[in-house]
Amino acid sequence: MLKIYNTLAREKQTFTPIVAGKVSMYVCGMTVYDYCHLGHARVMVVFDMVSRWLRASGYAVTYVRNITDIDDKIIKRANENNETIAQLTQRFIDAMDEDSAKLGVLRPDVEPKATEFVSGMLTMIAALIDKGFAYPAANGDVFYAVKNFEGYGKLSGKSLEDLRAGERVEVDTFKKDPMDFVLWKAAKPGEPSWDSPWGKGRPGWHIECSAMSSQLLGEHFDIHGGGQDLQFPHHENEIAQSEAAHGEAAHGHDGASCQMVNYWMHNGFVRVDDEKMSKSLGNFFTIRTVLEKYDAEVVRFFILRAHYRSPLNYSDQHLDDAKLALTRLYTALRGHHVSDSMVDWQHPQAARFKDAMNDDFNTPEAMAVLFDLANEVNKTKSQEATGLLKNLAGVLGLLQRKPDDFLQGEASDALDVERLIQARLTAKKNKNFVEADAIRKQLADAGVVLEDTPQGTTWRRA
RNA sequence: GGCGCGAUAGCAAAGCGGUUAUGCCGCGGCCUGCAAAGCCGUUUAGACCAGUUCGACUCUGGUUCGCGCCUCCA
């Protein structure tokens, strides 16, 4: 039985889908004005793993991950670059697709763009005004009246009083309450805009996700995910919007009668030197930068080797370590022909893997099972263990390449290596070990490690 | 200031009230012409102080330290 840590309840809860056998899941995706960094990689990989496990568990999953393609930063960046917003966003959507594909991330079922759902946002804002949860201000903006939603703060565990006490932002004079947030922004000259009952403008960030999730998954769905930093205010505001808009009562209700989401999942941050990796701190590494140096599967392995809620410290040393660990797994599979068969979940190791994954997606424990299986494969050459190793790893999106493709890489110089290996074998036959060792040294200097086995000599890159 | 999360061996990272986590590194051995890979064994743990318990890394309370959110952020 699957248990999920639900941020809303702050505890692990048994997962029960709204509709038996089906799971609806929405994850906040990227704002596309720049290349994705490792923090984005973690969200993509983590929720890819979640959707894979749900499917492996037999659920029919509808996975929606949105794309924010209209926002202040996008407008600003497009102006700086002298390109249109459409050009800019398409460029970075393409880059994101490239990066995520390399990381073994399967495409979500739906990837809605905010700009294609504006009419739904307008409908929702109108409903919120109608029900007394929002008000148009004199400057053309529309704000959400936070104090009218009694459940405000239930996800992030904050109270309005505490929030107001910690208020650091200059009070916007058009707001009735400093905590009110914008649903609709009046357009400034030269900005892209949509017509609305409140004048030309564009949607606020939070309303995008409320509108897209309800339109694609319904007013009540199973899982909503995202990075920990979205807990407040973004997800809190989504709840306030959706539950207020979809409930019938007006003033003072807490959303209990029209719950938006049953399980809220938040992944931990990627850090650098124990600090959050972020654009504002300037300490971020883009996915493509990292992939210049490290194999994408190593990066995926690195992400899944930690529990999704834990902080994950990025460093070259940790990536190097992940590479060695993954090398051990691929080395175990080398020389074996594994057919893609169904996993026998009765097998003790498979059962252990399943228990780990069902315990709030405990991938580190699941990985430990893979290493135990690798040990068994190395010891017994058991076909069963080998198949299990590959197929269980496949559930995590790992270990699906031919071992030599991983171990030897894109080998443009493979022929030279083979030639030198043959020369060394000849030398060995003639007991000319000085010559044999010289060849091995030559290859080692080129980053090629030789391994003599009873079946012959194999090689891999260091 | 308010709210929340965490502290495990050299590094990374899990489970568990009593029995080997796991990976990398180190050390010893087997294997090997020598290596590498692999196998076997092995050294390093549970921030600190109390309490509960026959027994605590695991539960409770406190202390210290670190991190995050409270502003755009994955």
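Chain letters run A, B, ... following the sequence lines, proteins first and then strands; every chain starts at 1. A quick note: this is a predicted structure, and the numbers were derived from the prediction, not measured.
Closest approach to the Arg328(A) side chain among G38(B), A12(B), C34(B) is made by G38(B) (side chain taken as heavy atoms from C-beta onward). In the set G15(B), A36(B), A35(B), A36(B) carries the atom at the smallest distance from any side-chain atom of Arg460(A). Of the listed nucleotides (G15(B), A74(B), C3(B)), C3(B) has the atom at the smallest distance from the side chain of Lys158(A). The side chain of Glu451(A) approaches A36(B) more closely than any other nucleotide in the set C24(B), A74(B), A36(B). Among A74(B), C70(B), C24(B), the nucleotide with an atom closest to any side-chain atom of Met277(A) is A74(B).
Within residues 366-377 of chain A, the residues approached by RNA chain B to less than 4.0 Å at the level of any non-hydrogen atom are Ala368(A), Phe371(A), Asp372(A), Asn375(A), in residue-number order. Looking at residues 421-435 of chain A, you'll see Arg424(A), Lys428(A), Phe433(A) sit with a heavy atom under 4.0 Å from some atom of RNA chain B.
Close to C69(B), at under 4.0 Å from its OP1 or OP2, lies a side-chain N or O of Lys276(A).
The 12-atom threshold is not exceeded at NZ of Lys76(A), counting heavy atoms of other residues, nucleotides or ligands nearer than 6.0 Å.
Here the side chain of Asp360(A) pairs a donor or acceptor atom with the backbone of Tyr5(A) at under 3.5 angstrom. A donor-acceptor contact shorter than 3.5 Å is absent between the side chain of Asn81(A) and the backbone of Glu83(A). Proximity of a side-chain donor or acceptor of Glu236(A) to a complementary backbone N or O of Tyr152(A) within less than 3.5 Å is not detected. The closest donor-acceptor contact from the side chain of Ser57(A) to the backbone of Trp53(A) lies under 3.5 Å.
Taking atom C1' on both nucleotides, U22(B) is separated from C48(B) by 28 Å, rounded to a whole Å. A distance of about 36 Å separates the P atoms of G46(B) and A35(B), rounded to the whole Å. Nucleotides U52(B) and U71(B) are separated by 44 Å at their P atoms, to the nearest Å.
Heavy-atom nearest nucleotides on RNA chain B were determined for His318(A) and for Gly157(A), and the one closer to the 5' end corresponds to Gly157(A).
In this structure, Phe232(A) and Leu163(A) have side chains that are in contact, with non-hydrogen atoms separated by less than 4.5 Å.
For the atom pair CD1 (Ile239(A)) and CH2 (Trp264(A)), the distance works out to 4.5 Å, reported to the nearest 0.5 Å.
With the 3.5 Å cutoff on both pairing distances, Watson-Crick and G-U pairs in RNA chain B assemble into runs of at least 3 at B:1-7 with B:64-70, B:10-12 with B:22-24, B:26-30 with B:38-42, B:47-51 with B:59-63.
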